[in-house]
J.: 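Below is a structure I'd like to ask you about.
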Amino acid sequence: GVRIMLAESLVGLAAVAIGLGQPMRATRLIGFARTPAEMLGAEFDPMERRIFARTVGVLRTTLGDEAFDAEARIGGAMPDAAAVDYVLQD
């Protein structure tokens with residue numbers, strides 16, 4: 001419930017971060033968003049899946065696979081509270 005909603009919100013924020021020219025931030029948010037969904041065995045709704053796939057594609061193109069994977073791992077390792085703090089940072 002709540003964790004998958006948080007993950008879906010973070011996907012949207014990652015798309016916004018791309019628009020603001022912050023691909024590293026976007027990638028960490030994607031990394032964190034992916035983790036709750038995987039842990040719960042849940043899937044994003046169809047619209048969120050499309051946004052997620054498009055966002056990941058843009059980030060992989062922008063950063064390259066190696067940098068994307070490294071930043072996504074950092075995001076995926078964040079505890080919930082740290083991810084929320086990260087979102088609230090400027």
J.: Calculate, to the nearest 0.5 Å, the distance between atoms CG and CD belonging to Leu10 and Glu48 respectively.
T.: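 That separation rounds to 10.5 Å.
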
J.: Could you pull out the closest heavy-atom pair between Ala14 and Thr55, with the gap in Å?
T.: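 The pair with the smallest heavy-atom distance is CB-CG2, 4.2 Å.
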
J.: Do Met47 and Ile30 share a hydrophobic cluster (ILVMFWY, side-chain heavy atoms under 4.5 Å, transitive)?
T.: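 Yes, it is one cluster - the side chains of Met47 and Ile30 are joined through contacts under 4.5 Å.
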
J.: Applying side chain to side chain contact (heavy atoms under 4.5 Å, CB included), name anything that partners Pro79, two or more places apart in sequence or on another chain.
T.: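 Result, side chain to side chain contact (heavy atoms under 4.5 Å, CB included) vs Pro79: Ala82.
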
J.: In Å, rounded to the nearest 0.5 Å, how long is the span from CE of Met24 to CD1 of Ile74?
T.: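 Answer rounded to 0.5 Å: 7.5 Å.
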
J.: Keeping Arg25 on the side-chain end and Val87 on the backbone end, is there a donor-acceptor pair under 3.5 Å?
T.: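 Checking the backbone N and O of Val87 against the side chain of Arg25, a donor-acceptor pair under 3.5 Å is found.
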
J.: Report the residues that fulfil side chain to side chain contact (heavy atoms under 4.5 Å, CB included) with Val58, sequence neighbours left out, ordered by chain and then residue number.
T.: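 With sequence neighbours excluded, Val58 shows a side chain to side chain contact (heavy atoms under 4.5 Å, CB included) to Ile18, Thr62, given in chain and number order.
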
J.: What's the separation between atom CG in Leu13 and atom CZ in Phe32, rounded to the nearest 0.5 Å?
T.: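 Reported value, rounded in 0.5 Å steps: 12.0 Å.
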
J.: Without swapping roles, check the side chain of Arg28 against the backbone of Ala83 for a donor-acceptor pair under 3.5 Å.
T.: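 No; judged by distance alone, with no hydrogens or angles, the pair does not exist.
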
J.: Report the distance from atom CZ of Phe68 to atom OG1 of Thr27, rounding to the nearest 0.5 Å.
T.: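 Result: 5.5 Å between the selected atoms.
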
